[in-house]
Amino acid sequence: MNDVSDDKTKYDVIIIGAGPAGYTAGIYSARARHDTLILSGIIPGGQLVNTTDVENYPGFDDGILGPDLMIIMRKQTERMGAKIIDVEVTKVDFHSKPFKVSTASTEYQANAVIIGTGANPRKLGLEGEQTFAGKGVSYCATCDGPFFRNLELVVAGGGDSAMEEATFLTKFASKIHLVHRRKELRASKVMQERAFDNPKIEFHFESVIEEIGGNEKVQKVVLKNTQSNEKSTLEVGGVFVAIGHEPNTKLFAGQVELDDQGYIVLKNRTETSVPGVFAAGDVHDHRYRQAVTAAGYGCMAAIDVDKYFSEN
Ligand code: NAP
């Protein structure tokens, strides 16, 4: 944890969030010689601190553990000169400049803000989901699919993400059990058809996951049919939960424009509806959701801030 007793409160740029987007924005902003503060939240590092092996972040030929990657990014960001404080932001005021970003104890001010607070995958809320997180329970097929070769897997959800993840996972898995709580899928017709046409995917409609069990790793899933209440057990090696994401934007309601799912709307490249306030990563991007794309957006936002300063 960083020392929070520093009484400096005015910065050129404040970055809220310390995942790949926030750290990369910090690296670029500090290198551009802007006085930069990152308010990281209480658990810095974003979603990658909850993952194990990361094989798809370029630059690590043997892969790297998610938490280790975030420690390296943090050190690099600090070496470039950004100040990082591990504290939760409780309030923002973007109605006038300088913008105000407050924690429980301090009001900070800056002429530009980059929001990189990310999104969290929605959870089923089962005990086994937590017990086996990173041990067979995953929220990202692109990230973890290759670790599940030749296994039977469960994918939970009925939207486009679930169809996409199930279809993608058939490259690795021997069979996919797609479990959806209703009779109709929410996914678009084309995504549904693709999944229906795939012989490796078996659909379990009107079914919910009651239990995820195993020893060291996931070994079984107990399903309950919502109509008959009948239970059945699937012997599977993994569970992919694909029931949507929730962007971390509660703080920003009424401050910047959000879409109907709560994601930040970008107006001009990475700029939000408020000139001078920018967003980077999963907080606005519900399509790619990768560490490398979040880092890319962080870079873009910091470059956009630099341009904003030169023009204003
Ligand atoms: P979504 O559209 O909100 O679908 C979530 C699915 O999970 C729904 O089927 C929902 O069931 C189910 N669900 C939600 N909470 C649940 C719970 N507690 N237990 C069991 N099931 C639960 O989310 P998404 O699939 O992640 O898609 C989000 C957005 O991204 C959508 O606009 C989608 O079109 C877009 N997207 C597009 C693509 C693409 O075009 N390639 C790919 C992925 C996502 P109900 O249907 O019963 O509500």
Side-chain angles (χ1 to χ4, degrees), residues 46-47 50 56 117-133 136-145 153-171 176-198 201-213 218 221-232 234 236 238-250 257-266 279 281-294 297:
Q47 290 181 61
N50 298 320
N56 54 6
T117 47
N120 290 323
R122 220 175 266 148
K123 306 260 181 359
L124 291 165
L126 298 166
E127 199 185 310
E129 195 180 3
Q130 220 171 336
T131 313
F132 295 106
V137 173
S138 169
Y139 299 87
C140 176
T142 315
C143 316
D144 298 331
L153 303 173
V154 161
V155 172
D160 281 337
S161 293
M163 298 310 114
E164 193 168 67
E165 303 234 323
T167 306
F168 175 76
L169 286 167
T170 58
K171 290 186 191 180
I176 303 292
H177 297 273
L178 194 134
V179 178
H180 180 42
R181 63 185 177 184
R182 289 187 300 128
K183 204 160 40 177
E184 288 88 31
L185 294 170
R186 181 177 293 280
S188 57
K189 283 279 171 284
V190 59
M191 306 280 280
Q192 292 191 23
E193 280 162 16
R194 204 168 295 154
F196 283 137
D197 286 348
N198 193 314
I201 302 177
E202 181 181 335
F203 285 80
H204 302 260
F205 288 107
E206 298 181 307
S207 297
V208 291
I209 299 177
E210 277 243 310
E211 188 193 325
I212 300 172
V218 169
V221 160
V222 178
L223 299 187
K224 187 176 89 176
N225 185 291
T226 57
Q227 301 307 301
S228 63
N229 283 334
E230 223 170 87
K231 292 191 184 176
S232 56
L234 299 172
V236 294
V239 179
F240 283 78
V241 181
I243 59 172
H245 283 74
E246 279 168 13
N248 296 316
T249 53
K250 278 203 187 84
E257 188 181 332
L258 306 178
D259 70 15
D260 56 1
Q261 293 173 57
Y263 288 87
I264 291 179
V265 175
L266 299 185
D282 291 14
V283 75
H284 69 80
D285 165 35
H286 39 81
R287 183 172 173 81
Y288 300 105
R289 296 194 193 110
Q290 300 300 301
V292 67
T293 51
Y297 279 119

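Start at 1 and go down the list; that is how both ligands and their atoms are numbered. The chain is numbered in sequence order, starting from 1. Just so it is clear, the model here is predicted, and its values are computed rather than measured.
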Do side-chain atoms of [X] reach the backbone of [Y] as a donor and acceptor pair under 3.5 angstrom?
X: E164; Y: M191; result: no
X: N248; Y: T117; result: yes
X: T226; Y: E206; result: yes
X: E246; Y: R122; result: no

Check this for me - ligand 1, M191, N or O atoms closer than 3.5 angstrom, yes or no?
no
Option whose closest heavy atom lies nearest to atom 24 (P) of ligand 1, chosen from P121, A187, S161, A156
S161
Just going by heavy-atom distances, which of E164, H286, R182 is nearest to atom 39 (C) of ligand 1?
E164
Identify the protein heavy atom lying closest to [atom], giving its residue, its atom name and the separation to 0.1 Å.
atom: atom 9 (O) of ligand 1; answer: G158 N, 3.1 Å
atom: atom 33 (C) of ligand 1; answer: D160 OD2, 3.5 Å
atom: atom 10 (C) of ligand 1; answer: R181 NH2, 3.8 Å
atom: atom 3 (O) of ligand 1; answer: R122 NH1, 4.0 Å
atom: atom 8 (C) of ligand 1; answer: R186 NE, 3.6 Å

My question is simple, although I want it checked carefully: is atom 14 (C) of ligand 1 less than 4.0 angstrom from any protein heavy atom?
yes
Which ligand 1 atoms, with their elements, are less than 4.0 angstrom from a heavy-atom of [X]?
X: H180; answer: 9 (O), 11 (O), 45 (P), 46 (O), 47 (O)
X: Q261; answer: 29 (C), 32 (O)
X: I243; answer: 5 (C), 7 (O), 13 (N), 14 (C), 15 (N), 16 (C), 17 (C), 18 (N), 21 (N), 22 (C)
X: G244; answer: 23 (O), 26 (O)

Would you please classify the geometry between the F203 ring and the F196 ring as parallel, tilted or perpendicular, with 30° and 60° separating the classes?
tilted
Taking F240 as the fixed residue, which of V137, V154, D144 is the one that meets the side chain to side chain contact (heavy atoms under 4.5 Å, CB included) rule?
D144
If you count heavy atoms of other groups shown closer than 6.0 angstrom to NZ of K123, is the number above 12?
yes
How about E202: does its CD atom have over 12 heavy atoms from other parts shown lying under 6.0 Å from it?
yes
Enter the distance from I201:CD1 to T170:OG1 here, rounded to the nearest 0.5 Å.
5.5 Å
